[in-house]
Amino acid sequence: METLQKTLVAYFGGQDPQNSTVAKVAKELAELTGADLYSILPVESYSKNEQQCIEQALKEIKENARPTIVGPLPVLDQYSTIILGFPNWCGTTPKILFSFLDHYYNQGLLKNKRVLPFIINDGSGINRCITDLIGTYPNTSILEGSAFIANKFDTAVPLALEWIQKIM
């Protein structure tokens, strides 16, 4: 049987799905690694008003929500590595990422996949993002990941590219 070597960069761009620092870093990582790119989009967009977005994120955390994703989702059969990008929302991973991962995990499709998270934040770092993912998906190979500061886009991209070259 042939070993899969393809990589998928899946990312949630937050309030500005196509122009956020997460999206920019994801696109650069996909280009560098030759990976396929997939934007995780919510059916109901998040408010561009920061306070309203925070309130929505906190509500989702409290309810352990699984927001609906615009489909179709990518088929993971061809990928051995998933680079997963998202913002740090209220100290943890946005609940839409759990919607994305639940879809595969509940079918046993994350086995033998390596998940490499990168987190964009405003200076708060990784917080509980990785531990919450590992706690929810215990039989998945989720690496420690790395965090990059959003308002330092000029350094976020080069640091992300350096990071991925070290671990790929």
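Remember, predicted model here, so these are calculated numbers, not experimental data. Scope of the values below: all heavy atoms of this structure, side chains included, with no hydrogens, waters or symmetry mates.
Other residues, nucleotides and ligands contribute over 12 non-hydrogen atoms within 6.0 Å of the CD atom of Gln107. With a 6.0 Å radius and a threshold of 12 heavy atoms from other residues, nucleotides or ligands, Asn106 has its CG atom above the threshold. When the shell of 6.0 Å around CD of Gln18 is examined, it contains more than 12 heavy atoms from other residues, nucleotides or ligands.
Between Phe98 and Asn64, every side-chain heavy-atom pair lies at or beyond the 4.5 Å cut-off. At least one side-chain heavy atom of Phe100 sits less than 4.5 Å from a side-chain heavy atom of Pro74. The shortest side-chain heavy-atom distance between Ile82 and Leu76 falls under the 4.5 Å cut-off. Looking at Pro87 and Pro94, their side chains come closer than 4.5 Å, going by heavy atoms from C-beta outward. Looking at heavy atoms from C-beta onward, Phe12 lies out of side-chain contact with Ser39 at the 4.5 angstrom threshold. Side-chain contact between Thr7 and Asp36 is absent, with no heavy atoms from C-beta onward closer than 4.5 Å. Between Ser20 and Phe86, every side-chain heavy-atom pair lies at or beyond the 4.5 Å cut-off. The side-chain heavy atoms of Ile142 and Leu110, taken from C-beta on, include no pair separated by under 4.5 Å.
Here the OG-CD distance, from Ser45 to Gln15, works out to 11.0 Å after rounding to the nearest 0.5 Å. Separation of atoms CD1 (Ile164) and CG (Leu116) is listed at 5.0 Å; rounding is to 0.5 Å. Note that the CG atom of Leu97 and the CD1 atom of Ile119 stand 9.5 Å from one another [nearest 0.5 Å]. Between the CD1 atom of Ile69 and the CG atom of Asp102 there is a distance of 9.0 Å, given to the nearest 0.5 Å. The CD1 atom of Ile167 lies 9.0 Å from the OG1 atom of Thr81; values are rounded to the nearest 0.5 Å. In this structure, Leu101 CG and Leu84 CG are separated by 5.5 Å, a value rounded to the nearest 0.5 Å.
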**OP:** With salt bridge (Lys or Arg N to Asp or Glu O under 4.0 Å) as the test, would you mind laying out the steps for Lys59 and Glu63 before giving the verdict?
**Re:** CA-CA 6 Å; Lys59 181 178 185 241; Glu63 296 172 356; 3.8 Å; yes

Subject >> Chi angles and distances behind the side-chain contact (heavy atoms from CB on, under 4.5 Å) call for Leu8, Tyr38 >> reply: CA-CA 7 Å; Leu8 173 68; Tyr38 177 77; 4.0 Å; yes

Original post:
Ile120 and Val25: side-chain contact (heavy atoms from CB on, under 4.5 Å), yes or no, with the steps?
Top reply: CA-CA 9 Å; Ile120 300 297; Val25 170; 4.2 Å; yes

**OP:** Go through the steps for Ile61 and Thr92 under the test side-chain contact (heavy atoms from CB on, under 4.5 Å), then give the verdict.
**Re:** CA-CA 9 Å; Ile61 291 167; Thr92 189; 3.7 Å; yes

**OP:** With side chain to side chain donor-acceptor pair (under 3.5 Å) as the test, would you mind laying out the steps for Gln78 and Lys6 before giving the verdict?
**Re:** CA-CA 6 Å; Gln78 59 188 321; Lys6 284 191 79 173; 3.2 Å; yes

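Nearest approach of Asp132 to Thr136, heavy atoms of both residues: O-OG1, 2.8 Å. The two residues Pro17 and Leu41 have their closest heavy-atom pair at CB-CD2, 3.5 Å. The two residues Ile130 and Ile126 make their nearest non-hydrogen contact at CG1-CG2, 3.5 Å. Between Thr93 and Cys129, the closest heavy-atom pair is OG1-O, 3.0 Å. Nearest approach of Arg114 to Met168, heavy atoms of both residues: NH2-SD, 3.6 Å. Listed here is the closest heavy atom pair of Gly125 and Ala147: C-CB, 4.0 Å.
Leu37 pairs by the side-chain contact (heavy atoms from CB on, under 4.5 Å) definition with Val9, Tyr11, Ala26, Lys27, Ala30, not counting sequence neighbours. Annotation: side chain to side chain donor-acceptor pair (under 3.5 Å) contacts of Tyr46 (sequence neighbours excluded): Glu60. Looking at residues two or more places apart in sequence or on another chain, you find a side-chain contact (heavy atoms from CB on, under 4.5 Å) between Val43 and Thr68, Val70.
Residues in residues 158-168 take part in these salt bridge (charged side-chain N to carboxylate O under 4.0 Å, His left out) pairs, two or more places apart or across chains: Glu162-Lys166. Listed by first then second residue, pairs satisfying salt bridge (charged side-chain N to carboxylate O under 4.0 Å, His left out) with a partner in residues 78-96 number zero, not counting sequence neighbours.
No donor-acceptor pair under 3.5 Å is formed between the side chain of Asp16 and the backbone N or O of Lys48. Using modelled atom types, no side-chain atom of Lys113 and backbone atom of Thr140 make a donor-acceptor pair closer than 3.5 Å.
In this structure, Leu58 belongs to a hydrophobic cluster whose other members, linked by side-chain heavy atoms under 4.5 Å apart, are Ile54.
The pair Lys24-Glu28 does not meet the salt-bridge criterion, since no charged nitrogen lies less than 4.0 angstrom from a carboxylate oxygen.
For the side-chain hydrogen bond (donor to acceptor under 3.5 Å, both in side chains) with Ser47, the lone residue among Gln56, Glu55, Gln52 that qualifies is Gln52.
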